[in-house]
Amino acid sequence: MAGSLVPESKMASQYFQEMQESFKNNSKSREFPAHTAKVHSVAWSCDGRRLASGSFDKTASVFVLEKDRLVKENNYRGHSDSVDQLCWHPTNPDLFVTASGDKTIRIWDVRTTKCIATVNTKGENINICWSPDGQTIAVGNKDDVVTFIDAKTHRSKAEEQFKFEVNEISWNNDNDMFFLTNGNGCINILSYPELKPIQSINAHPSNCICIKFDPTGKYFATGSADALVSLWDVEELVCVRCFSRLDWPVRTLSFSHDGKMLASASEDHFIDIAEVETGEKLWEVQCDSPTFTVAWHPKRPLLAYACDDKEGKYDNNREAGTVKLFGLPNDS
């Protein structure tokens, strides 16, 4: 690293030790009742004050983070089918959007606790993301159509039908490229807003499931059915390293606020927390069942997640519908 006296590997190992020390004292997970069925998606508002969750029970819940716990603020009803994914506005901490199998997306305002817009789409929606500039919402459905919706007028600006299975979608941090992970193990990159194909990267030998960009804009990560997480250099579009501690298809990924940690999860009964620069295991969060979704807090080393937990010892069919928080003080 030019101009720096401390080599990056040394800085990385120092960070590694600091975070391990921190998690030794803050390794507690706590669960909070959120829904009556499994939780598909959790996401933090940009200021980190609120956590939203979307569920198979057709609702979204919003919690306020108070010191070391989540306090439920509201439950948002209106969808007539499962809420499969949700996300917050990138810079406005009051707005979030939900994608549902009922062929709509809904934009919600936590100040009024109301739905401010319902946008009809052509298919059953399974993934959604908000552009970094806040102007556009992209939503993908089960028929591999991605619709780009103007966040102000709530009208569709563009629609793309893809010839492959579209799994997760995301803009890059600069807002000038749009990424899709697909069923053939590829990452497809389009120019934005033109939506012209730039590149298709053969990333994995099997289904490429999820994609996340790190907050610093240096890397993005993909998770695959081959149980690998691969880390990519945004500028060079080359794979920098792979993380291979999971045994099952990687369903969900999240970078910490400083871009230095990467959480990944699957049907394995733990969440892997890796140091990004070395690939080393920093910590693992033990779970009793498969994990569907993980999300690092935007300012603190707190990880929200949701698993396929069941209620009670005797009735194994009832879903717990809880949201969990890892990184709490052990004495809390």
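We count residues from 1, following the sequence as given.
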key: Distance-only polar pair, side chains of Asn172 and Tyr192, donor-acceptor under 3.5 Å   = no
key: Short side-chain donor-acceptor distance under 3.5 Å, His40 and Ser82   = yes
ask   = Atom CD1 of Ile211 and atom OG of Ser230: how far apart are they, to the nearest 0.5 Å?
value = 9.0 Å
request  = Would you check if there is a donor-acceptor pair between the side chains of Glu284 and Gln286 at a distance under 3.5 Å?
outcome  = yes
key: NZ/Lys28: more than 12 non-hydrogen atoms of other groups inside 6.0 Å   = yes
inquiry  = side chain to side chain contact (heavy atoms under 4.5 Å, CB included), that's the test. Do Val285 and Ile273 meet it? Break it down for me.
reply    = CA-CA 8 Å; Val285 183; Ile273 297 178; 3.9 Å; yes
message = Quick one about Ser29 and Tyr305 (side-chain donor to acceptor, distance below 3.5 Å, no hydrogens or angles considered), yes or no?
response = yes
ask   = Between Glu159 and Lys122, is there a side-chain N and carboxylate O pair less than 4.0 Å apart?
value = yes
inquiry  = Within the 3.5 Å criterion, strictly below it, is a donor on His35 or Thr59 matched to an acceptor on the partner's side chain?
reply    = yes
ask   = How about Ser61 and Asn75: does a side-chain donor come under 3.5 Å of a side-chain acceptor?
value = yes
ask   = Stepwise, does the side chain to side chain contact (heavy atoms under 4.5 Å, CB included) test hold for Thr121 with Asn141?
value = CA-CA 9 Å; Thr121 58; Asn141 69 25; 5.9 Å; no
inquiry  = Measuring only between side-chain heavy atoms, which start at C-beta, is Trp283 closer than 4.5 Å to Lys24?
reply    = yes
inquiry  = Please determine whether a side-chain nitrogen of the Lys or Arg among Arg241 and Glu280 lies less than 4.0 Å from a carboxylate oxygen of the Asp or Glu.
reply    = no
inquiry  = Tell me whether the rings of Trp171 and Phe178 are parallel (<30°), tilted (30 to 60°) or perpendicular (>60°).
reply    = perpendicular
inquiry  = Please verify the inter-ring angle class for Phe96 with Trp88; under 30° counts as parallel, over 60° as perpendicular, anything in between as tilted.
reply    = tilted
request  = Please check if Phe32 and Val83 belong to a single hydrophobic cluster, counting links between Ile, Leu, Val, Met, Phe, Trp and Tyr side chain heavy atoms closer than 4.5 Å.
outcome  = no
message = Does this structure show an ion pair linking Asp57 with Lys38, if we count only N-O contacts that are shorter than 4.0 Å?
response = no
query = With a 4.5 Å heavy-atom cut-off, do Asp68 and Pro329 have their side chains touching?
reply = yes
key: Criterion ring pair (Phe, Tyr, Trp, His ring centres under 6.0 Å) against Phe213, the qualifying member of Phe179, Tyr219, Phe255   = Phe179
query = Testing Val323, Thr293, Thr322 for side-chain contact (heavy atoms from CB on, under 4.5 Å) with Ser53, which one passes?
reply = Val323
message = Let me check something: do Val39 and Leu325 share a hydrophobic cluster, defined by ILVMFWY side-chain heavy atoms less than 4.5 Å apart, either directly or through other members?
response = yes
inquiry  = Set out, in order, the CA-CA distance, both residues' side-chain angles and the distance that settles side chain to side chain contact (heavy atoms under 4.5 Å, CB included) for Trp130 and Ile107, then state yes or no.
reply    = CA-CA 11 Å; Trp130 210 311; Ile107 303 173; 4.3 Å; yes
task = Kindly determine whether Val229 and Arg245 satisfy side chain to side chain contact (heavy atoms under 4.5 Å, CB included), including the steps that lead there.
result = CA-CA 9 Å; Val229 173; Arg245 284 181 289 271; over 6 Å; no
Sole candidate of Arg106, His79, Lys58 that passes side-chain hydrogen bond (donor to acceptor under 3.5 Å, both in side chains) when paired with Thr98 = His79
ask   = Thinking salt bridges, do Asp150 and Arg155 make one under a 4.0 Å N-O criterion?
value = no
request  = State whether Asp308 and Lys310 are salt-bridged, where the test is any N-O pair (Lys NZ or Arg NE/NH1/NH2 against Asp/Glu carboxylate O) under 4.0 Å.
outcome  = yes
inquiry  = Any carboxylate oxygen within less than 4.0 angstrom of a Lys/Arg side-chain nitrogen, looking at Arg50 and Glu73?
reply    = yes
